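Everything below concerns the one structure shown next.
Each ligand, and each atom within it, is numbered from 1 in the order the structure gives. From a predicted model like this one, the values you see are computed outputs, not experimental measurements.
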Amino acid sequence: MEGREISKAVIGRLPRYYRYLGELLELGVERISSNELSMRMKVTASQIRQDLNNFGGFGQQGYGYNVKYLYTEIGKILGVDRQHNLIIIGAGNLGQAIANYANFEKRGFMIKGMFDINPRLIGLVVRGIEICGVDDLEQFIADNDVQMAALTIPKTKASEIADRLVHAGIKAIWNFAHVDLNVPEDVVVENVHLSESLMRLSYRVCSMQDQKKEQEDEGEELS
Ligand code: NAI
């Protein structure tokens, strides 16, 4: 695996494999064939085999996949077998919603702190996490071995805060602000834009409706 470039598409599919395998484990399933997994996940069996072959396969001819082993190995690839210390910058609606979601901790993402500039928010406690002012940001990052930051602030402020985070040693930014960040090569950014996802959904529903309408119009012309 080392030194090999894994395509973004494959990496993008791994969390879904991880989720399905986790559910199978909860159901007590010990092993599964690529065909069975394919039926559950609605992905072709050959796609599953190809994806997992990127990491050495994990499967055995005639046996299928050992669910626990595969789950653990994919977890290692995704890095969710390690603890990641995270802070949230912007303790508004979105920042607080993230802080209130307890399941991130199960995946190793420990929310260590929240920061805001609004004096009315500073000092409030969200699920045990006190909201601090941004003056304390650099010191907090150093003291708490923080590597990741979620940016849930307006886009006008995002670049300035991202620069501060990078200087303070943050290596991964989970960016919700609607702006593309310029960061050094050794810092990774994952942009999450719900509105873009919603637009993709809108495209799909509209094309379906348009297609249906076209078919109806054709039907009317023929009758
Ligand atoms: P909000 O207004 O409730 O919260 C934003 C918070 O950021 C406020 O508490 C504000 O005081 C704080 N803030 C502003 N400048 C700051 C700075 N320099 N340092 C630290 N804190 C600062 O807004 P909401 O709804 O939580 O959204 C936050 C941002 O995320 C908005 O820019 C919004 O456009 C964006 N957003 C992105 C989504 C996505 O899918 N990517 C979805 C929803 C919102």
Distance-only donor-acceptor check, side chains Asn100 and Gln96, under 3.5 Å: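 Absent: no donor and acceptor within the cut-off.
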
Does a donor on one side chain and an acceptor on the other come within less than 3.5 Å for Asp145 and Gln147?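 No, because no side-chain N or O of Asp145 sits under 3.5 Å from a partner of the opposite role on Gln147.
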
Taking the six-membered ring for Trp, are Tyr18 and Tyr71 parallel (under 30°), tilted (30 to 60°) or perpendicular (over 60°)?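 Ring orientation of Tyr18 relative to Tyr71: parallel.
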
Could you tell me which non-hydrogen atom of Ala177 sits nearest to which non-hydrogen atom of Ile153, and how far apart they are?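 Nearest pair, atom of Ala177 first, then Ile153: CB-O, 3.4 Å.
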
Of the non-hydrogen atoms in Ile131 and Ala91, which two are nearest, and what is the gap between them?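 Scanning both residues completely, I find the closest heavy atoms to be CD1-CB, 3.6 Å.
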
Starting from the N and O atoms of ligand 1, find every protein N or O within less than 3.5 Å and list the pair with its distance.
from	atom 1	to	atom 2	distance (Å)
ligand 1	3 (O)	Asn93	N	2.9
ligand 1	3 (O)	Asn93	ND2	3.1
ligand 1	9 (O)	Asp116	OD1	3.3
ligand 1	9 (O)	Asp116	OD2	2.7
ligand 1	11 (O)	Asp116	OD1	2.5
ligand 1	26 (O)	Asn93	N	3.1
ligand 1	26 (O)	Leu94	N	2.8
ligand 1	32 (O)	Ile153	O	3.2
ligand 1	40 (O)	Leu194	N	2.6
ligand 1	41 (N)	Phe176	O	2.8
ligand 1	41 (N)	Val192	O	2.5

Are any of the side-chain heavy atoms of Arg13 and Met41 separated by less than 4.5 Å?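 No; the side chains remain at least 4.5 Å from each other.
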
